[in-house]
Amino acid sequence: MKSRIFLPFIFVWICATTHVNAQSKNSENLSNFLKNYVAFSKNYPQEKVYLHFDNTEYYKGETIWFKAYVVRADRNSLADLSKILYVEFISAEGNIIETKKLKIENGQCNGEFNIQSAGYGGFFEVRAYTRYMLNFGENNYFSRVFAVYDKPLEVSKFTQKISEIPRSQRIPQIRTVFSQKEKLTLHFYPEGGNLVAGLASQVAFKAIGEDGENAIISGYLYNEKNEKITEISTIYNGTGTFSFMPDSGKYLIKIHYNNKEYSFPLPEILQSGYVMNVNNFNKEKVGISIQKSEKSSADTLGLSITNRGILYGFEKIGWGNENVSELSFTKKMLPSGVSQIVLFNSKGEILCERMIFINHHSEMKMQVSQNKQIYSPFEKIGLAFDLKDKNDVPIQTNFSVSVRDASTSSFNPYVNNILSDLLLSSDLKGHIENPAFYLEKDDRAHQQALDLLMLTQGWSRYSWKNMISNEPFTITHPIEKGLYIEGSVKSLVKKKPKPNIDVLMFLMGDSTSQHGKVITDSLGKFNFSLADFYGRQKLSIQTKENDKRKDNNVMLDRVFSPQFKSYSFDELQIPKNEYYKKLSANIDKEDSIDSEIKLDSLMKLESNEEKI
């Protein structure tokens with residue numbers, strides 16, 4: 001068994017490039033893949049968006065107010081790439097009710113939606129993205145689902161009621177609705193990716209009920225002889241884990257759920273391969289154990305560790321006469337957030353993959369005080385904020401704050417914030433229920449739940465395979481530095497692209513207007529750069545051939561909105577109202593003031609706005 005320290009990437013990179021001529025072809029390939037990864041990260045930095053709203057649920061007739069933060073994912077700092085943010089207000093059926101194009105300045109912008117435009121109550125989605133973000137996957141955007149209730153019949157009599165839409169007013173369902181035939185499904189996630197005969201493995205699982213809810217289950221793992229191997233049960237949110245050493249036979253899990261027994265076979269067990277086990281429960285370091293089956297190749301492998309698309313560590317794994325390799329690295333070498341550990345071979349094939357989360361608890365410290373404890377309706381509220389970094393040094397920055405009435409706020413309000421979104425949920429696949437729970441404490445229970453989340457919800461934002469490839473990466477959507485009109489001209493009959501066509505543009509508003517003239521390129525494409533304007537304006541486009549007006553088919557490139565996601569089970573639940581009993585001076589201040597104030601200190605919220 002080999003045991004060694006995982007060195008930071010900056011040191012190992014120097015060694016690898018210095019001695020590359022003395023290495024084998026396999027070893028050279030491993031280094032080249034990492035070079036490609038670094039180059040990709042540098043050439044294609046990614047963006048993230050977070051929206052802070054003024055409330056967690058709304059009534060018809062109200063206005064949704066929001067503040068948007070656009071950050072560079074690799075730096076977790078306010079972005080200076082895209083200048084246009086798209087924010088959409090979408091119905092439960094998948095109709096885009098309204099789209100706003102907002103100007104991003106210093107990584108920030110703000111806006112609002114009037115809910116009255118929806119026409120009825122229900123569960124509505126607000127999502128936000130820059131056009132450039134769409135190059136990196138369909139689900140690469142910010143999303144938030146709100147319950148919108150019927151307007152109260154009397155002032156101050158709030159009820160969480162959503163009336164059924166009359167059949168005559170119903171519209172077709174575009175959004176995919178969650179459905180499964182079985183009363184219960186059980187998804188298995190072997191740590192690292194595969195089960196290999198003869199290698200000790202940890203298997204995470206997630207149990208989902210008929211309507212998509214988290215299921216609480218218990219049962220046993222059985223081998224081909226119907227012998228009990230180990231007990232299994234859910235730990236948190238339908239997830240759990242068990243460990244065993246598989247052989248070449250088949251295994252079956254029998255569980256009890258709602259007084260019924262269900263059986264599920266384990267995934268295929270490979271006869272050869274690799275298994276990676278990661279221990280992230282030590283406060284100072286992360287331990288990695290890599291096992292190789294007897295039949296597997298003893299070629300040198302590569303092990304990389306990345307965070308938000310940046311390479312932080314790289315080690316070459318040589319076997320010799322050993323089938324187990326032990327490594328460890330200090331957590332200080334990584335920033336807070338989700339990190340990706342990948343074991344790969346000289347062909348660039350991923351053999352094992354594992355996510356871990358590290359939290360250095362470096363968020364700002366904020367103390368909030370208010371000028372009084374109880375306020376009358378519409379009374380002005382006075383708040384004072386004291387901000388310090390983790391070393392108790394006073395700091396200045398810009399932030400947004402929402403204040404709500406504690407007596408009518410939901411018992412279980414939206415449980416995400418800028419910290420949990422940018423560091424956790426935006427880097428994992430799929431919807432995460434109650435993401436702030438994983439960061440609220442650092443005890444064993446929360447650590448175990450967080451590790452289960454890493455095991456069961458795979459990577460989405462950064463595709464390691466794409467980043468190490470030599471294949472050209474196609475940018476379909478540009479980084480928008482301003483407002484543009486883009487499109488193409490085609491013939492009316494055969495719809496063939498028409499090059500060298502004069503295109504005239506007129507944009508007219510109540511008090512301003514813009515115009516321009518361009519010539520289509522060889523593919524019949526054209527674009528106009530616009531000056532900033534606010535509100536709605538009327539667009540007119542004409543085409544000319546030989547200085548004479550000629551009718552053509554003009555197609556505008558403006559349909560690039562992502563596919564609609566399916567609502568998760570918890571997004572469709574109406575939270576219960578909990579009326580506070582403390583209506584005196586001893587009201588809990590933290591309950592009566594909702595503020596997005598837990599900002600990670602890695603975020604440099606710098607702008608030209610007035611400093612608080």
Side-chain angles (χ1 to χ4, degrees), residues 47-53 56 67-79 106-108 142 144 280 283-284 286 307-308 310 312 330-339 355-369 383-403 413-428 432 434-447 449-451 453-454 461 588-607 609 611-612:
E47 295 174 316
K48 294 183 182 181
V49 175
Y50 178 77
L51 265 58
H52 175 207
F53 295 90
T56 59
K67 172 71 176 288
Y69 300 93
V70 184
V71 304
R72 270 190 60 153
D74 54 350
R75 302 174 183 174
N76 244 2
S77 61
L78 292 174
N106 302 306
Q108 303 167 77
F142 173 89
R144 170 82 176 274
N280 191 31
K283 290 185 178 181
E284 304 296 331
V286 176
N307 181 288
R308 293 193 293 272
I310 301 298
Y312 283 91
T330 175
K331 292 185 176 181
K332 292 181 179 179
M333 68 178 279
L334 290 172
S336 294
V338 177
S339 294
M355 313 305 153
I356 62 171
F357 188 89
I358 292 176
N359 191 354
H360 295 300
H361 302 282
S362 53
E363 59 265 22
M364 299 177 186
K365 300 177 182 179
M366 176 177 282
Q367 291 184 344
V368 185
S369 59
L383 301 175
F385 298 89
D386 182 22
L387 279 71
K388 295 180 181 179
D389 63 17
K390 62 179 181 179
N391 298 318
D392 289 326
V393 177
I395 55 177
Q396 290 184 329
T397 189
N398 293 282
F399 58 92
S400 53
V401 177
S402 63
V403 181
Y414 184 66
V415 285
N416 203 357
N417 54 45
I418 195 169
L419 180 67
S420 60
D421 188 276
L422 293 183
L423 292 186
L424 180 62
S425 54
S426 63
D427 279 340
L428 293 177
I432 299 176
N434 194 1
F437 163 82
Y438 299 99
L439 306 185
E440 67 183 16
K441 292 183 180 179
D442 203 18
D443 56 21
R444 183 70 178 188
H446 285 75
Q447 290 176 4
L450 183 54
D451 201 52
L453 182 67
M454 296 296 108
R461 180 173 293 275
D588 189 330
K589 297 179 182 179
E590 292 184 359
D591 288 337
S592 60
I593 302 174
D594 171 61
S595 54
E596 300 280 357
I597 59 180
K598 208 173 183 182
L599 302 179
D600 191 278
S601 64
L602 293 175
M603 288 193 61
K604 304 176 181 65
L605 297 182
E606 301 170 352
S607 76
E609 297 178 10
K611 303 293 184 179
I612 296 181

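Positions are given from 1 along the sequence.
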Between the CE atom in M364 and the CZ atom in F399, the distance rounded to the nearest 0.5 Å is 9.5 Å
Can you name the closest pair of heavy atoms from S362 and S336 and give their distance?
OG-OG, 4.3 Å
Straight-line distance of L439 CG to N416 CG, nearest 0.5 Å:
9.0 Å
For residues D442 and Q447, determine if any side-chain heavy atom of one lies less than 4.5 Å from a side-chain heavy atom of the other.
yes
How about K390 and H361: do any of their side-chain heavy atoms sit closer than 4.5 Å?
no
Any donor and acceptor pair, going by atom type alone, linking the side chain of K331 with main-chain N or O of H360 inside 3.5 Å?
no
Between D389 (side chain only) and N391 (backbone N and O only), is there a donor and an acceptor less than 3.5 Å apart?
yes
Can you list the residues that meet the side-chain contact (heavy atoms from CB on, under 4.5 Å) rule with L450, with sequence neighbours excluded?
F357, L424, Y438, L453, M454
Could you give me the CA-CA distance, side-chain angles and deciding distance for D427 and R308, then say whether salt bridge (Lys or Arg N to Asp or Glu O under 4.0 Å) is met?
CA-CA 8 Å; D427 279 340; R308 293 193 293 272; 5.4 Å; no
Once you round to the nearest 0.5 Å, how far does NZ of K332 lie from CG of L334?
13.0 Å
With K283 via side-chain contact (heavy atoms from CB on, under 4.5 Å) - residues at least two apart
none
Tightest non-hydrogen contact, residues H52 and Y69, listed as CB-CE1, 4.5 Å
Approximate separation, where rounding is to 0.5 Å, of Q367 CD and L387 CG:
10.0 Å
Any side-chain donor paired with an acceptor under 3.5 Å for N76 and K48?
no
Do T56 and R144 have side-chain heavy atoms sitting under 4.5 Å apart?
yes
Where the side chain of N307 meets the backbone of V338, is there a donor-acceptor pair that is under 3.5 Å apart?
yes
To the nearest 0.5 Å, tell me how far I310 CD1 sits from S339 OG.
11.5 Å
Atom pair CG/CD1 of L423 and I358 - distance to nearest 0.5 Å
12.0 Å
For S425 and I432, the nearest pair of non-hydrogen atoms, with its separation, is CA-CD1, 3.5 Å
Please report the shortest heavy-atom distance between Y312 and M333, naming the atom on each side.
O-CE, 3.2 Å
Does any donor atom in the side chain of Y50 or S426 lie under 3.5 Å from an acceptor atom in the other side chain?
no
Quick one: does D421's side chain get under 4.5 Å of F142's, heavy atoms only?
yes
Residue pair Q108 / L78, side-chain heavy-atom distance below 4.5 Å
yes
